[in-house]
Every structure is written in structure tokens, then in C-alpha cells.
There are 2 protein chains.
Amino acid sequence: MNDLTQIVDALRKRGNKVTPQRLTTIEVLLSMGQQHFSVEELFQGVKQRNLDVGMSTIYRTVQILEEMGFITKRNFDDGFARYELCELDEKHWHHHIICLKCGKVIEMQDDFLETLEKEIEEKKEFIIINHELKVYGYCSDCYKIMKGEKFD
Amino acid sequence: MNDLTQIVDALRKRGNKVTPQRLTTIEVLLSMGQQHFSVEELFQGVKQRNLDVGMSTIYRTVQILEEMGFITKRNFDDGFARYELCELDEKHWHHHIICLKCGKVIEMQDDFLETLEKEIEEKKEFIIINHELKVYGYCSDCYKIMKGEKFD
DNA sequence: TTTGATGCAAAAGTTTTGCAAGACC
DNA sequence: GGTCTTGCAAAACTTTTGCATCAAA
């Protein structure tokens with residue numbers, strides 16, 4: 001559902017033009033699937049497809065796609081923004097489990113926050129659009145290493 | 001419990017020195033309580049106490065305090081990092097409810113995520129240190145305005 | 001032909017770093 | 001006195017912007 005033609009059509013409907021740079025950027029982005037990609041990675045991906053492109057063009061494309069709701073900005077505190085594809089057809093949240101040592105990001109599907117959302121909407125008079133849960137800690141690999149090193 | 005002497009002692013124990021700049025920075029930080037402060041705000045706060053200080057000193061102090069676990073970095077996508085004081089004596093999480101229109105941040109105390117944490121620790125073999133939940137949407141004020149404007 | 005897009009370079013903004021001078025312990 | 005800290009300026013980084021040129025529709 002979230003494929004190239006859908007995005008291209010939506011772009012045209014918005015009055016945006018579909019240029020080779022934009023098309024390739026979207027192709028690269030779609031080929032990355034659920035991953036969390038940075039603007040730099042998109043830039044490299046487009047260049048690897050033998051298309052010369054400027055950083056600012058990627059930034060501008062990403063901005064448009066975010067406004068359109070096809071991608072969402074995430075911040076994992078590694079110095080730059082990351083984006084990921086949205087699931088348009090259903091509200092299907094996933095959460096991020098982040099290792100404080102190696103930076104690995106594990107995804108977890110879970111909709112159990114729905115009860116909390118209802119509570120917030122009632123108690124705080126708030127209309128919820130989205131949410132983001134990040135759990136920080138140590139993955140099993142790093143934890144083993146740390147125990148071996150008698151660290152902490 | 002989270003007071004000046006505790007932090008100062010911990011600094012000395014770590015081999016760090018307690019300079020006027022550092023002391024004042026910590027005082028300002030403590031006077032802000034639970035708020036989410038930026039480095040810039042700390043910088044202004046220290047200067048308002050008639051102490052000349054350089055930005056880099058604040059950045060370095062904040063870095064040390066984060067390493068020591070007294071403060072945590074938060075990112076509300078407003079262009080720079082924000083920090084907040086940690087509750088050292090107990091695991092008492094709070095969550096952030098963020099208005100997408102006016103940027104207001106509401107805090108919410110809730111420990112209901114404990115069940116989820118246990119599940120993650122078992123299923124994913126992950127040692128959890130911290131977590132962060134951000135709920136995005138529209139506060140009642142902004143929602144009223146939007147309805148009045150027939151927006152969306 | 002009109003309007004939006006591109007690409008470069010420069011600007012903007014936060015955060016980091018090198019280094020000589022100064023302060024804490 | 002030795003080591004850590006400071007402060008300045010400059011660098012490093014990501015992201016944004018201005019503008020002349022170019023291309024999609």
C-alpha cells in the first residue's frame with residue numbers, strides 16, 4: 001500500500017513535481033523498509049544509483065515527505081535526525097529498545113498503550129495523534145561484556 | 001536527597017574539582033526543579049547570579065553531571081538538547097505529553113509500564129535502565145482554536 | 001511558459017575541541 | 001605543585017537558506 005506510485009500520485013496532487021532526484025530518493029527510502037535512515041544514508045543511497053544529487057535536495061524531499069505523513073522523524077541522540085516509514089493503513093505502533101553501550105536499536109510491536117491513551121485523553125483533555133516509547137538499557141551482548149569486565 | 005552537597009561530594013569522589021562556575025551551575029539547575037532546561041538557560045541563569053562563565057564550561061559541566069547520572073538528556077525537537085533532574089532515590093518515571101501546535105509539555109506520573117518492562121527483560125534479554133514515553137497530540141486550548149478555525 | 005526544483009555555497013545553529021592561563025586541593 | 005578547569009576562539013556538525021539556473025507539467 002505504501003508504494004512508489006502512491007507517494008508519487010500524492011506528490012502530484014499536492015502540486016509538487018516528480019524529478020529524478022525525488023523519485024530516486026523515494027525508491028531508496030522504500031528499499032530500506034522499516035529501518036531508521038538518516039539523511040546522510042539517503043544521500044549515499046541515491047549517489048550509489050549513479051545520480052548526482054545535493055544534500056539540500058534530500059533535506060527538502062524528506063521535509064515534504066514528513067509533511068505529507070509518509071515518514072516520521074525519530075531522534076536516537078546520535079547527533080542527527082533519523083526517519084522511518086509510516087504505516088498508513090493502520091495505527092500500528094512500535095517501540096524502540098536502545099542499547100546504551102553499542103547503540104543497537106531493537107523494535108518491538110505492541111499496542112498495549114491504548115488503555116493509557118484513553119486515560120490521558122480523558123484526564124488531561126488531550127487529543128492524541130501519536131506516541132513514542134524508548135526503552136534504554138543494555139543488550140545481552142553488551143551486558144555479558146560488562147560483567148566480564150567487572151564494570152559497574 | 002538530590003541536593004547540592006550530595007552532588008558536590010560525588011564530584012570530589014570522582015576526582016573532579018568544585019569551582020565557583022560548577023557550583024553555581026548546579027545551584028541554578030537545582031533551583032529549576034523538575035523543569036526541562038537547556039544549556040542556554042543554564043548559561044543565562046549562571047550569568048544572572050553575577051558570575052561570568054563561558055558556554056563551554058556549562059557544556060562540560062552538564063556532560064559530567066549526565067555521566068554521573070544526576071541529569072538526563074531529553075529531546076523535544078526544538079533544535080537543542082534539554083536536560084532534567086533525575087530522581088535518584090526511587091524509580092519514579094514520568095512521561096511527557098507534547099502539544100504539536102503550541103509545544104506545551106505536560107508531565108504525567110505513572111508507573112504502569114513496569115509490566116511491559118518485565119516482559120522486555122525476559123523476551124528480549126535486555127537490562128532496562130530507563131525509559132521515555134512521549135505522547136504527541138493537541139492540548140485542549142489548541143484543539144478548541146483548531147475547531148473554531150475549522151482546521152482539519 | 002509557468003512554476004517549482006536543483007545545486008552550490010554560504011549561513012545558521014548547537015555542540016565540541018585546542019590551548020594557554022588560572023584555580024582548586 | 002600537580003592536575004583539573006576555565007574561557008576564548010575556532011572548528012565540527014547537522015540543517016537551512018538565497019539565488020541563479022534548470023526542468024517538469
Side-chain angles (χ1 to χ4, degrees), chain A residues 4-5 7-29 36-47 49-68 71-83 103, chain B residues 4-5 7-28 36-47 49-68 71-83:
Chain A
L4 198 55
T5 44
I7 300 181
V8 166
D9 288 352
L11 272 173
R12 290 222 174 84
K13 227 168 262 172
R14 246 177 65 113
N16 285 109
K17 285 167 182 171
V18 180
T19 63
Q21 290 88 342
R22 214 161 258 180
L23 196 63
T24 310
T25 304
I26 298 169
E27 280 170 5
V28 169
L29 186 160
H36 316 105
F37 48 87
S38 63
V39 174
E40 176 68 30
E41 282 160 4
L42 273 186
F43 178 63
Q44 296 302 337
V46 173
K47 288 219 295 194
R49 300 201 177 192
N50 294 328
L51 181 60
D52 247 7
V53 73
M55 253 321 225
S56 39
T57 302
I58 308 279
Y59 271 104
R60 283 186 272 231
T61 299
V62 157
Q63 231 163 42
I64 290 173
L65 292 173
E66 196 189 5
E67 279 173 25
M68 295 170 72
I71 59 178
T72 312
K73 195 189 275 187
R74 300 277 180 208
N75 196 310
F76 297 124
D77 282 329
D78 51 1
F80 38 80
R82 294 186 166 280
Y83 292 85
Chain B
L4 198 56
T5 44
I7 299 182
V8 166
D9 288 352
L11 272 173
R12 290 223 173 81
K13 227 168 261 171
R14 246 176 65 112
N16 285 109
K17 283 165 184 170
V18 180
T19 64
Q21 290 88 342
R22 217 162 256 180
L23 195 63
T24 310
T25 304
I26 298 169
E27 280 171 5
V28 170
H36 316 104
F37 48 87
S38 63
V39 174
E40 175 69 30
E41 282 160 3
L42 273 185
F43 177 63
Q44 297 301 337
V46 173
K47 289 218 294 192
R49 300 201 177 193
N50 293 328
L51 182 59
D52 247 7
V53 72
M55 257 316 230
S56 40
T57 303
I58 309 279
Y59 270 104
R60 282 185 274 232
T61 300
V62 157
Q63 230 162 44
I64 290 173
L65 292 174
E66 196 189 4
E67 280 173 27
M68 294 169 74
I71 59 177
T72 313
K73 196 189 275 187
R74 300 278 179 206
N75 196 309
F76 297 123
D77 282 329
D78 51 0
F80 38 80
R82 293 186 167 279
Y83 293 85

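Sequence lines set the chain letters: A, B, ... in the order given, protein chains first and strands last, and positions in each chain run from 1.
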Starting from [atom2] on [N], measure out to [atom1] on [X] and report it in whole angstrom.
X       : N      : atom1 : atom2 : answer
B/Asn75 : C/dT14 : CG    : P     : 13 Å
A/Met55 : D/dT16 : CE    : P     : 11 Å
B/Tyr83 : C/dT14 : OH    : C1'   : 11 Å
A/Glu40 : D/dT14 : CD    : C1'   : 10 Å
B/Asp9  : C/dC25 : CG    : P     : 12 Å
A/Phe43 : C/dT6  : CZ    : C1'   : 13 Å
A/Asp52 : D/dT21 : CG    : P     : 20 Å
B/Leu23 : D/dT6  : CG    : P     : 11 Å

Any idea which of [options] is nearest the [X] side chain?
X       : options                : result
B/Phe80 : D/dA25, D/dT6, C/dT15  : C/dT15
A/Gln21 : C/dC19, C/dG7, C/dC25  : C/dG7
A/Asn16 : D/dC4, C/dT6, C/dG4    : C/dG4
B/Ser56 : C/dC24, D/dA23, C/dT17 : C/dT17
A/Lys17 : D/dA23, C/dA23, D/dG7  : D/dA23

Problem set entry | Residue mapping more 5' on DNA chain D - nearest nucleotide basis, B/Gly54 or B/Gly15 |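 Going by which nucleotide is closer to the 5' end, it is B/Gly15.
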Problem set entry | Full working for side-chain contact (heavy atoms from CB on, under 4.5 Å) between A/Ile71 and A/Phe37 | CA-CA 10 Å; A/Ile71 59 178; A/Phe37 48 87; 4.2 Å; yes
Problem set entry | Heavy-atom side-chain proximity of B/Thr57 to B/Thr25 below 4.5 angstrom |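 With C-beta onward as the side chain, the pair stays apart.
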Problem set entry | Side chain to side chain, A/Arg49 and A/Glu27, heavy atoms closer than 4.5 Å |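 The answer is yes; the side chains approach within 4.5 Å.
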Is the distance from OP1 or OP2 of [N] to the nearest side-chain N or O of [X] less than 4.0 Å?
X       : N      : answer
A/Thr57 : C/dG7  : yes
B/Arg22 : C/dC24 : no
B/Gln63 : C/dT15 : no
A/Tyr59 : D/dT15 : yes
A/Arg12 : D/dA25 : yes

Problem set entry | Separation between CG of A/Asn75 and CZ of A/Arg82, rounded to the nearest 0.5 Å | 10.0 Å
Exercise. 5'-most contact on DNA chain C: B/Ala81 or B/Val18, nearest heavy atom basis?
Worked result: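 Upstream on the strand: B/Ala81.
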Problem set entry | First encountered from the 5' end of DNA chain C, between B/Gly79 and A/Thr61 |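 Looking at DNA chain C, the more 5' nearest nucleotide goes with A/Thr61.
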Exercise. Taking A/Glu41 for the side chain and A/Ser38 for the main chain, is one N or O donor matched with an acceptor at less than 3.5 Å?
Worked result: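 At least one qualifying donor-acceptor pair exists.
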Exercise. Would you say the side-chain atoms of A/Arg74 pair up with the backbone N or O of A/His36, donor to acceptor, closer than 3.5 Å?
Worked result: no
Exercise. With a 3.5 Å cut-off and just heavy-atom distances, do the side chain of A/Arg60 and the base of C/dG7 make a donor-acceptor pair?
Worked result: yes
